Amino acid sequence: MTGTRLVSPAGRRAVLPAVGLGVLVVGVLAVQVAGTSSAGPLDRALAALVPMHHGARAVVGEALAALGDPVPVAVLLLVTAAVAWWGRGGRGLALVLVAPPAAMVLTSLVLKPIVGRTRGGELAFPSGHTTAVASLAAVAAVLVLSAPRLARAPRVGAVVALALGVLAVGVSLVGRDLHDPSDVLGAVAVVLAVVGPAALAVDAFADLAAAEPEADADVTRRLPALR
């Protein structure tokens, strides 16, 4: 896995605070909503700001919320993987194949059963739909920010667009009464805690793999020539 690193030195310094914030938010929300089946006052107040039950709002909200369904997520994952492989090589492909699945597994198979927050009889915290979309967007943001050939303005613009896309999906899930705001926020926090360490792990593995042939070549150069 050759190529430039996925995380710059400045980015590496930001990973630990991001992980800490993500873990803190998930932990606080999990304690608040554990074992509950109804929205709290703050969730109800926030949800009342974005109703999407009628007309064009309902159509748009349903379409955006559906982006987190299994089939659209699988398609987005494949497309992102292909683009990452083309643009960033093995490092990019590895990040796409590691980070989003890890975030989804952590959400659906670990946190949801542990927290036990339900909505309509189904486990709801953190939101699996939001985790899927946000993890793919976060991976795309890492790839864009670390792309060596892109100028600063396009990088920032792409990251802002990805963030707005995640926000739109989260708002739609709340507006369509599929999730509470705390479910969406918890999912974003999970992604915040997972993607950065995954990118660092990919970089570390790639650097190690690249260093091994160089070390072998150095040893070979030092050996006396066979006579």
Side-chain angles (χ1 to χ4, degrees), residues 15-54 57-58 60-74 76-77 98-139 141 162-198 201:
V15 169
L16 184 58
V19 172
L21 178 61
V23 172
L24 177 63
V25 171
V26 171
V28 171
L29 291 176
V31 170
Q32 290 180 342
V33 305
T36 63
S37 58
S38 59
L42 182 57
D43 272 338
R44 290 196 299 270
L46 292 174
L49 299 175
V50 290
M52 293 183 172
H53 305 303
H54 307 288
R57 283 189 178 186
V60 173
E62 191 68 25
L64 289 172
L67 290 176
D69 289 345
V71 173
V73 167
L76 288 171
L77 183 64
V98 169
M104 294 179 213
V105 168
L106 178 61
T107 291
S108 298
L109 301 184
V110 179
L111 291 174
K112 280 190 175 186
I114 290 176
V115 176
R117 198 258 184 92
T118 58
R119 184 181 177 91
E122 297 184 358
L123 295 172
F125 179 91
S127 163
H129 281 62
T130 306
T131 298
V133 173
S135 61
L136 287 168
V139 163
L162 289 166
L164 291 176
V166 174
L167 178 63
V169 171
V171 169
S172 297
L173 289 167
V174 173
R176 294 294 297 160
D177 288 333
L178 299 173
H179 276 287
D180 292 317
S182 56
D183 300 333
V184 172
L185 181 58
V188 172
V190 168
V191 172
L192 194 64
V194 169
V195 173

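Predicted model only: the values in this text are computed from it and were never measured.
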- Note on the structure: Scanning both residues in full, the closest heavy-atom pair of A187 with P126 reads N-CB, 3.5 Å

- Message: Does any part of the side chain of V184, heavy atoms only, come nearer than 4.5 Å to the side chain of V174, both counted from C-beta?
- Response: yes

- Task: Return yes if some donor-acceptor pair links the side-chain N/O of R176 with the main-chain N/O of A65 below 3.5 Å, else return no.
- Result: no

- In Å, rounded to the nearest 0.5 Å, how long is the span from CG of L192 to OG of S135? 12.5 Å

- Message: Could you check whether any side-chain heavy atom of S172 comes within less than 4.5 Å of a side-chain heavy atom of E62, counting everything from C-beta outward?
- Response: no

- Note on the structure: Between A99 and A198 the two heavy atoms that sit nearest each other are CB-CB, 3.8 Å

- Item | Atom of P100, atom of L136 and distance for their closest heavy-atom approach | CG-CD2, 3.9 Å

- Any donor-acceptor pair under 3.5 Å linking the side chain of S127 with the backbone of T130? yes

- Item | For L42, side-chain contact (heavy atoms from CB on, under 4.5 Å) partners two or more places apart | L46

- Task: Identify, with sequence neighbours excluded, every residue that meets side-chain contact (heavy atoms from CB on, under 4.5 Å) alongside V33.
- Result: T36, V115, R117, F125, S182

- Task: Would you check, one step at a time, whether the test side-chain contact (heavy atoms from CB on, under 4.5 Å) holds for V73 with M104?
- Result: CA-CA 11 Å; V73 167; M104 294 179 213; 3.8 Å; yes

- Only residue of V25, L111, V23 satisfying side chain to side chain contact (heavy atoms under 4.5 Å, CB included) with V190 is L111

- Item | Check: P197 and V19 side chains under 4.5 Å, non-hydrogen atoms | yes

- Task: State, yes or no, whether a side-chain contact exists between L67 and H129 at a heavy-atom distance under 4.5 Å.
- Result: no

- Query: How many angstroms lie between CD1 in I114 and CG in L123, if you round to the nearest 0.5 Å?
  - Reply: 11.5 Å

- Quick check: does any side chain N or O of R119 sit under 3.5 Å from a backbone N or O of A39, one acting as donor and the other as acceptor? no

- Should the heavy atoms of other residues, nucleotides or ligands under 6.0 Å from NE2 of H53 be counted, would the total exceed 12? yes

- Task: Using the side chain to side chain contact (heavy atoms under 4.5 Å, CB included) rule, pick out the option among V105, T107, D183 that qualifies with T131.
- Result: T107

